[in-house]
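Structure first, then comments.
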Amino acid sequence: MSSTKTPILAASNFIRQIIERDIEQGTYATRRWAGSPGDAAYQAAGLPDPAKIRTRFPPEPNGYLHIGHAKSICLNFGLARDYDGVCHMRFDDTNPEKEEQEYVDSITDAVQWLGFGWEAFGTSHLYYASNYFDFMYRAAEALIQSGHAYVDQQTAEEMRANRGTLTEAGKDSPWRNRPAEESLALFREMRDGKHADGSLILRAKIDMAAPNINLRDPAIYRIKRATHHNTGDKWCIYPMYTFAHPIEDALEQITHSICTLEFEDQRPFYDWLLERLVEAALLAQPLPKQYEFARLNLTYVVLSKRKLIELVENHHVSGWDDPRLPTLAGARRRGYTAEGFRLFAERIGVSKADSWIEYTILEDCMREVLNISAERRIAVLDPIKLVINNYPENQSEDCFAPNHPLKPELGKRVVPLTRELWIEREDFEETPPKGYFRLTPGGLVRLRYGYVVKCTGFETDADGKITVVHCEYLPDTKSGTPGSDSIKVKGNIHWVSVNHAYAAEVRLYDRLFKEAHPGAGDSNYLDDINPNSVKTIIAQLELSLKEAHAEDRFQFERHGYFVADRKDSVAGRPVFNRTVTLRDAWQK
RNA sequence: UGGGGAGUCGCCAAGUUGGUUAAGGCACUGGGUUUUGAUCCCAGCAUCCGAAGGUUCGAGUCCUUCCUCCCCAGCCA
């Protein structure tokens, strides 16, 4: 009947095909691994690498991870898992001005929360680009000595001007052909702090007329006096991403270096650099290869770092973990599950085509996972009182509600029925629209897990707003008793005993943006913010919910999936966040 | 109007070297089950693969031309 639908089966994609081909052809079979990252000589002394492939997830610790990163994480770690390889957790921390320890902590948390780890073949594979600064420096000197790099002293403005344009070739720097010894001496002075920030820069010497702008002598090492979160003040020069990343991959014996499309133009430099370092005997073949895939675009969401920061700093949301934010920290508070994200990642696939995934796909994945895993509970979110006039006062009767309709082994729990109950305001209509089959004057409806009742009247306040609904119950119709369904009713509404309820704070979240493409065209994405993205209410919950622990997830029957907020819940007084509603085929 | 990529059903996405009727998922539409208008089950859903030509017995898969979209001119990653 149910649960066999969720198994996550990996679909074919171009990256898997490349990996399968490489494994079949033994492309990386000769690699050796000495137990940790290192240069050619070090690795050569190692054993054949037990990992069939090595991938890596290389975030810069300068922000929080979001749903887009989840795609990359699932891809890289998932590939390693599926092909007997390992995925390195690597912080690409080459720019000390932007990076902080706080971010590395939140990132490792998020990756582990998603269900992945970096312990494999007996060791941890948590690495930092900054741990390779010594090697990078060595590689830079080797490049200078082989005539493949030089120290330029043009200003940033001059460099930009001489880079040319998309259609015009650039001009050689006047310092381009200075002797290698001179560049070497200058580079060492840069390292030794003898020059001001920005006054000198190390550039690769390739071709100022290259049609690919990234090959027009790209900057590879800059002077930047900043305290690094990891290396402190040891260095005042830092490598650029362009230079550092290929080296990081090579030192770690990465086989498949998977990144997003915008790095495609960078690949020729990636290969050029590594080949030069092989010539310098610093690295050995086979070299890692870079492959690019399309980053995730999700409707009704913004994923750009700049916009996320703006939303947080300008208090459009409560913080980086606001449940409305697409950050992993936010999604977690919202109640989204790691398994749901993994399902999502497989479901959307991997390709090179720019695409926009409909947000409902993500929600569906969460529903699919939660439907199987979440126990059911009863919650009245917008209460009005229902009085059963023919039911004795001071009487209480046990009704039995299954904890999970798909898993009878989880048993049932007792919910007490009394004369006065809370029911959902929308479950009563004085003048029902066509097709409405809940409570109406004179109509019958079943109190879920209890009796069938007949509406006998209702009360309103001065504004005509319904305050109390009256009914009478039919004694022989109690759920679970013989003949209880002799009277068929289509409507089935939930309820909570007034005397046995837990009045709790519940946050009803909706999407943060009301437009599928926030800020599309000339509009400002901030103007597309949904003013009703959260509604905080006091709901009447069945008493058992009072004991819920932070991050416990439930399906509130007929409403949706909710989670006890991991931040604001207190023992004995949990607060709930709505993760996602149930599907609703009833259009009102 | 330089370079690099991408265009297969509303949204994703398979489609190995050209070979019967173009996978699958989501959405949608019918029908069934159901004490959640949920779930689940069944059925339907591209004569067509950005366009136009061409090669071939045969093309989404090869060739030509064209169109559209994305990325690149940080001492960011």
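Convention: sequence-line order gives letters A, B, ...; per-chain numbering from 1. Scope of the values below: all heavy atoms of this structure, side chains included, with no hydrogens, waters or symmetry mates.
Applying the 90° cutoff around 0 to the glycosidic angle, B/G74 is assigned syn.
If you take atom P in B/C75 and the same atom in B/C70, they sit 25 Å apart, rounded to whole Å. To the nearest whole angstrom, the two C1' atoms, one in B/C62 and one in B/A43, are 39 Å apart. The gap from the P atom of B/G50 to that of B/A13 amounts to 14 Å, rounded to the nearest Å. Here the separation of B/A77 from B/C67, taken at their C1' atoms, is 34 Å to the nearest Å. Nucleotides B/U61 and B/G15, compared at atom P, are 15 Å apart to the nearest Å. Spacing between B/U8 and B/G54 at atom P, rounded to whole Å, works out to 24 Å. Using atom P as the reference point in both B/A46 and B/U21, the two lie 15 Å apart (nearest Å). Atom name C1', nucleotides B/C11 and B/C45: the rounded distance is 15 Å, in whole Å.
Among the atoms of the strands shown, base atoms are found under 4.0 Å from some heavy atom of A/M159. Looking at heavy-atom distances under 4.0 Å, A/V489 makes no contact with the nucleic acid at all. Contact annotation for A/T155: base contact, defined as any heavy-atom pair under 4.0 Å involving a base atom. Looking at heavy-atom distances under 4.0 Å, A/Q555 makes contact with a base. Among the atoms of the strands shown, none is found under 4.0 Å from any heavy atom of A/F269. At a threshold of 4.0 angstrom between heavy atoms, the contacts of A/R446 include nucleobase atoms, whether or not backbone atoms are also involved. If you check every strand for non-hydrogen atoms under 4.0 Å, A/Q154 touches a base. Within the nucleic acid shown, A/E60 comes within 4.0 Å of sugar-phosphate atoms alone, with no base atom in reach, counting heavy atoms only. Counting non-hydrogen atoms under 4.0 angstrom, A/T165 reaches a base of the nucleic acid. Base engagement by A/I201 is indicated by at least one non-hydrogen atom pair under 4.0 Å involving a base atom. Contacts of A/Q266 with the nucleic acid, taken as non-hydrogen atoms under 4.0 Å apart, include base atoms. Looking at heavy-atom distances under 4.0 Å, A/K224 makes contact with sugar-phosphate atoms alone, never a base.
Ion pairing between A/R306 and A/E310 holds under the 4.0 Å rule for side-chain N and carboxylate O. A salt bridge does not link A/R438 with A/E429: every distance from a Lys NZ or Arg NE/NH1/NH2 to an Asp or Glu carboxylate oxygen is 4.0 Å or more. Between A/R377 and A/E375 a salt bridge is recorded (basic side-chain N to carboxylate O distance below 4.0 Å).
Along RNA chain B, the nucleotide nearest A/S484 and the nucleotide nearest A/I357 are compared for position; the residue whose nucleotide lies closer to the 5' end is A/I357. Residues A/T360 and A/I348 both approach RNA chain B. Their nearest nucleotides, taken by heavy-atom distance, put A/I348 toward the 5′ side.
Put simply, the side chain of A/R21 and the base of B/U16 share no donor and acceptor less than 3.5 Å apart. Judged by distance alone with a 3.5 Å cut-off, no donor-acceptor contact links the side chain of A/R583 to the base of B/G37. For a distance-only test at 3.5 Å, the side chain of A/R448 fails to qualify as a donor-acceptor partner of the base of B/U35.
The distance from atom OH of A/Y561 to atom P of B/U36 is 13 Å, rounded to the nearest whole Å. The distance from atom CG of A/N13 to atom P of B/A14 is 7 Å, rounded to the nearest whole Å. In this structure, A/N214 atom CG and B/G2 atom C1' are separated by 13 Å, rounded to whole Å. The distance between atom CD of A/Q17 and atom C1' of B/U16, rounded to the nearest whole Å, is 7 Å. In this structure, the CG atom of A/L582 is 11 Å from the P atom of B/C40, given to the nearest Å. Atom CG in A/D364 sits about 9 Å away from atom P in B/C40, given to the nearest Å.
The aromatic ring of A/Y241 does not sit over the base of B/A77, since the test of centres under 5.5 Å and planes under 30° is not met.
In this structure, A/R16 places its CZ atom where more than 12 heavy-atom neighbours from other residues, nucleotides or ligands lie under 6.0 Å away.
Within the 4.5 Å cutoff, the side chain of A/N212 has no heavy atoms near those of the A/F269 side chain. With a 4.5 Å cut-off on side-chain heavy atoms, A/F293 and A/K71 count as touching.
With sequence neighbours excluded, the residues satisfying side-chain hydrogen bond (donor to acceptor under 3.5 Å, both in side chains) with A/S497 are A/T418.
Less than 6.0 angstrom separates the ring centroid of A/Y238 from the ring centroid of A/F133.
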For residues 239-247 of chain A, which side-chain donor-acceptor pairs fall under 3.5 Å, sequence neighbours excluded?
residue : atom : partner : partner atom : Å
A/H245  : ND1  : A/D92   : OD2          : 2.8
A/H245  : NE2  : A/R56   : NH1          : 2.7
A/H245  : NE2  : A/R90   : NH2          : 3.3

Can you name the atoms? Protein N/O to nucleotides 3-7 of chain B N/O, anything below 3.5 Å, with the distance.
residue : atom : partner : partner atom : Å
B/G3    : N2   : A/D265  : OD1          : 3.4
B/G3    : N2   : A/D265  : OD2          : 2.6
B/G4    : O2'  : A/D265  : OD1          : 3.2
B/G5    : O2'  : A/E264  : OE1          : 3.4

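When only modelled atom types and interatomic distance are considered, A/S12 and A/Q17 share a side-chain donor-acceptor pair under 3.5 Å.
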